[in-house]
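Heads up: the structure comes next, in structure tokens.
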Amino acid sequence: MPPRSILICEDEHELAAEIAEFLEAEHWRPTLCASVSQAHALLVQGLAPDCLLTDLRLGDRSGLDLIGRARQLPKPLRPQVLALITGEATDVALGEPFGPDVLFFKPVDPFEMLADLQARFVDCKIIRWPLSAARRNAASR
């Protein structure tokens with residue numbers, strides 16, 4: 001399976017770089033931007049990430065604006081949405097019609113985030129176990 005892609009919109013450059021480096025080591029393809037305007041421009045230009053990770057409080061606009069725009073993309077291009085927040089504005093963020101799928105508090109635990117990301121993209125396969133000889137024999141009687 002090819003690496004999954006993630007658009008990270010975070011104006012704290014060190015945090016964004018740390019998350020990107022961690023996810024890259026876990027075989028993700030991160031794209032970084034520091035503003036809603038920049039992220040929106042990337043989406044308009046055709047970037048179709050599997051996931052969008054955005055801070056909800058950015059310098060130019062709210063991350064909820066970006067989430068709203070991402071949710072308006074055609075279904076095949078619509079990313080899973082994760083958000084970062086500092087403080088206690090969870091009621092507002094999760095109550096929004098264009099709220100995130102999951103909300104992480106800063107400082108974010110990268111392993112917790114990775115576990116959530118991996119759970120979103122588990123490839124389900126049907127495993128057909130062979131019948132044991134005893135069950136085959138019992139079934140044929």
Side-chain angles (χ1 to χ4, degrees), residues 1-140:
M1 175 169 65
R4 297 280 183 185
S5 60
I6 186 166
L7 175 59
I8 301 171
C9 186
E10 171 59 68
D11 55 0
E12 293 179 38
H13 301 289
E14 274 185 46
L15 176 60
E18 286 174 14
I19 292 171
E21 184 179 335
F22 176 80
L23 291 175
E24 220 166 20
E26 296 295 330
H27 310 291
W28 282 75
R29 282 188 341 262
T31 301
L32 297 176
C33 59
S35 69
V36 171
S37 303
Q38 205 177 18
H40 181 254
L42 290 169
L43 294 173
V44 167
Q45 293 168 10
L47 182 69
D50 296 304
C51 288
L52 166 65
L53 172 64
T54 184
D55 191 344
L56 292 182
R57 295 185 182 151
L58 294 159
D60 62 339
R61 294 203 312 261
S62 167
L64 290 172
D65 295 338
L66 178 58
I67 293 170
R69 292 176 189 260
R71 296 269 194 232
Q72 292 172 348
L73 292 169
K75 232 178 190 169
L77 303 177
R78 210 173 291 159
Q80 293 286 313
V81 178
L82 292 79
L84 298 171
I85 193 163
T86 305
E88 299 181 18
T90 56
D91 301 356
V92 174
L94 294 175
E96 289 291 320
F98 290 110
D101 296 318
V102 68
L103 188 60
F104 291 100
F105 289 93
K106 292 181 183 179
V108 65
D109 177 344
F111 293 99
E112 182 182 336
M113 181 183 295
L114 179 63
D116 184 85
L117 287 169
Q118 289 172 332
R120 291 176 185 284
F121 296 103
V122 171
D123 290 331
C124 295
K125 297 177 183 169
I126 296 173
I127 300 172
R128 299 180 195 267
W129 296 101
L131 290 175
S132 69
R135 286 185 62 198
R136 278 195 305 261
N137 291 338
S140 64

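Not measured: the values here are computed from a predicted model.
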- Query: If you measure from the Lys or Arg side-chain nitrogens to the Asp or Glu carboxylate oxygens, is any gap between D50 and R120 under 4.0 Å?
  - Reply: no

- Message: T54 and side chain to side chain contact (heavy atoms under 4.5 Å, CB included): which single residue from C33, S62, C9 fits?
- Response: C9

- Message: Among V102, V108, V81, L82, exactly one meets side chain to side chain contact (heavy atoms under 4.5 Å, CB included) together with L53. Which residue is that?
- Response: L82

With rounding to the nearest 0.5 angstrom, report the [atom1] to [atom2] distance, [X] to [Y].
| X | Y | atom1 | atom2 | result |
| --- | --- | --- | --- | --- |
| H13 | E18 | NE2 | CD | 13.5 Å |
| R4 | E26 | CZ | CD | 15.0 Å |
| L103 | I85 | CG | CD1 | 5.5 Å |
| H40 | S35 | NE2 | OG | 11.5 Å |
| Q118 | W28 | CD | CH2 | 8.0 Å |

- Query: Is there a donor-acceptor contact under 3.5 Å from the side chain of R78 to the main chain of R71?
  - Reply: yes

Below 4.5 Å, heavy atoms only, C-beta onward: do [X] and [Y] meet side chain to side chain?
| X | Y | value |
| --- | --- | --- |
| I19 | E10 | no |
| I6 | L117 | yes |
| L66 | L43 | yes |
| P100 | I67 | yes |

Minimum heavy-atom separation for [X] to [Y], with atom names?
| X | Y | value |
| --- | --- | --- |
| F104 | M113 | CZ-CA, 3.7 Å |
| D55 | L58 | O-CD1, 3.5 Å |
| L23 | I8 | CD1-CD1, 4.4 Å |
| F22 | P110 | CE2-O, 3.3 Å |
| E24 | P30 | CG-CD, 4.0 Å |
| L52 | P79 | N-CB, 3.9 Å |

- Query: Does CD in E21 sit with more than 12 non-hydrogen atoms of other residues, nucleotides or ligands closer than 6.0 Å?
  - Reply: no

